[in-house]
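Each chain gets a letter, A, B and so on, in the order the sequences are listed, and its residues count up from 1.
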Amino acid sequence: MRNPEPNTVGGEQREAALDPDELIEWFTAEGRDLPWRGPDVDGWGVLVSETMLQQTPVNRVLPIWREWLERWPRPSDLAAAPQGEVLRAWGKLGYPRRAVRLHEAAGVIASEHGDRVPSDVDTLLALPGVGTYTARAVAAFAYGERAPVVDTNVRRVVARAVHGAGDAGNPSPKRDLADVDALLPADDHRASGMSAALMELGQTVCTVRSPACESCPLHHGCAWRAAGKPAYDGPPKKVQRFAGTDRQVRGLLLDVLRGSEGPVPRASLDAVWSEAAQRDRALDSLLVDGLVEQTEDGRFGLPGEQ
DNA sequence: ATCCGGGGGA
DNA sequence: TCCCCAGGAT
């Protein structure tokens, strides 16, 4: 039941309404067989995967996710682990505050939710480290609920296929949610399937640099393609520098502590960055964030390690 | 609006 | 080099 001319009405451009079944069918056939999509993965496995995947490519998450789920199969298992062990197991995934927050969330889930990850979006949002995206991703992917899941990929797919734009502009959570909500079918099962399909499409086909339109299940249902694939014309995207920033220094300091058996003297940290002022600032911020602790004799280590 | 890791592809 | 990557908290 498709509109024969989905993108035009009376010769004028119109917004495309994506066909859920077309997307779901494509996802069923072509979606990657990622481990956190397995039938025996529960809400905990999904929450761990979604947290690790924040700003982090799939290939780097895969081995760490497997290790975590084997080692800490339930929230209470992670909650019982020392912070330092959690940070070591996080390795170099980046943004280690995610690990601290996930550790905290595991404690809340264990003590207040019967060791079961909640399925309700508002309850999920109350957990540390769980925001607009992750709450809905867990509800949709772990529990099959209808929830608009909007990540950078979905924003791009919708901007192109629905609005005919080259890419999405700056994020606007309320508008983005309403935008995607309007695309989802009414029933939970198909809505969650469409959410998964939209993300997969953006990751594997409708990519930033080289979209594979010839492999796209939407073919004639894409407003961007119909409009001749116009270039992105929105506001310039922010580019965050990394080299020379406090983030780099924090990473170097933490890497020393991950690689040591226990706390290290100040000199071991001083060796990784020559500029003292920035080094001190980075170390202070790590202490504030609870990623590093100082022992009574003045050495530094991961939290919970004497 | 900024900060928060780290790696890999073009 | 530049830019991107399943974002969240402040």
- prompt: If each of A:V58 and A:R101 is mapped to the nucleotide of DNA chain C with the nearest heavy atom, which maps nearer the 5' terminus, i.e. the 5' end?
  reply: A:V58

message: Nearest heavy atom decides the nucleotide; on that basis, is A:L53 or A:L125 closer to the 5' end of DNA chain C?
response: A:L53

Residues [X] and [Y] bridged, charged N to O under 4.0 Å:
| X | Y | result |
| --- | --- | --- |
| A:K174 | A:D179 | no |
| A:D289 | A:R97 | yes |
| A:D181 | A:R146 | yes |
| A:R155 | A:D176 | yes |
| A:R37 | A:E200 | yes |

Between atom [atom1] in [X] and atom [atom2] in [N], what is the gap in whole Å?
| X | N | atom1 | atom2 | value |
| --- | --- | --- | --- | --- |
| A:L254 | B:dG5 | CG | C1' | 10 Å |
| A:L87 | B:dC4 | CG | C1' | 14 Å |
| A:R247 | B:dC4 | CZ | P | 7 Å |
| A:L287 | B:dC4 | CG | P | 15 Å |
| A:L253 | B:dG6 | CG | P | 10 Å |
| A:D246 | B:dT2 | CG | C1' | 12 Å |
| A:I64 | B:dG7 | CD1 | P | 11 Å |
| A:Q54 | B:dG5 | CD | C1' | 13 Å |

- prompt: Can you find a donor-acceptor N/O pair under 3.5 angstrom joining the side chain of A:R60 to the base of B:dG6?
  reply: yes

task: Measure distances between side-chain N and O atoms of A:T56 and base N and O atoms of B:dG5, and say whether any donor-acceptor pair falls under 3.5 Å.
output: yes

Reckon [X] touches a base, only the sugar-phosphate, or nothing at all at heavy-atom distances under 4.0 Å?
| X | answer |
| --- | --- |
| A:W90 | nothing |
| A:R156 | sugar-phosphate |
| A:G131 | sugar-phosphate |
| A:R37 | base |
| A:L93 | base |
| A:S285 | nothing |
| A:R209 | base |
| A:S210 | nothing |
| A:D289 | nothing |
| A:P96 | sugar-phosphate |
| A:T132 | sugar-phosphate |

Closest-nucleotide 5' rank along DNA chain B - winner of A:L252 and A:Q240: A:Q240

task: Could you pick out which residue, A:N170 or A:F242, lies toward the 5' side of DNA chain B when each is mapped onto its nearest nucleotide?
output: A:N170

message: Taking the P atom in each of C:dA9 and B:dG7, what is the distance between them to the nearest angstrom?
response: 24 Å

- request: Could you work out the separation of B:dC3 and C:dA6 based on their P atoms and round it to a whole Å?
  value: 23 Å

- request: Report yes or no: do A:Q203 and A:R32 form a side-chain donor-acceptor pair below 3.5 Å?
  value: yes

message: With no hydrogens and no angle check, just 3.5 Å: does a side-chain donor-acceptor pair link A:Q54 and A:T134?
response: yes

message: Could you spell out the base pairing of DNA chain B as a dot-bracket line? Use Watson-Crick and G-U wobble contacts where both distances are under 3.5 Å, [ ] for crossing pairs, | for partners on a different strand.
response: ||||.|||||

- line: Outer limits of DNA chain C sitting under 4.0 Å from a non-hydrogen atom of chain A, read 5' to 3', are C:dC2 to C:dA9

message: Run A:R71 and A:D77 through salt bridge (charged side-chain N to carboxylate O under 4.0 Å, His left out) and show every step you take.
response: CA-CA 8 Å; A:R71 185 170 179 181; A:D77 298 318; over 6 Å; no

field: Presence of A:R258 side-chain N/O under 4.0 Å of B:dG6 phosphate oxygens OP1/OP2
entry: yes

- prompt: Between A:K92 and B:dG7, does any side-chain N or O lie under 4.0 Å from OP1 or OP2?
  reply: yes

Give a yes or no on whether the backbone of [Y] and the side-chain of [X] come within a donor-acceptor separation of less than 3.5 Å.
| X | Y | result |
| --- | --- | --- |
| A:W36 | A:E50 | no |
| A:R60 | A:K92 | yes |
| A:W65 | A:G45 | yes |

- request: Answer yes or no: are there more than 12 heavy-atom neighbours, outside A:E261 itself, under 6.0 Å from its atom CD?
  value: no

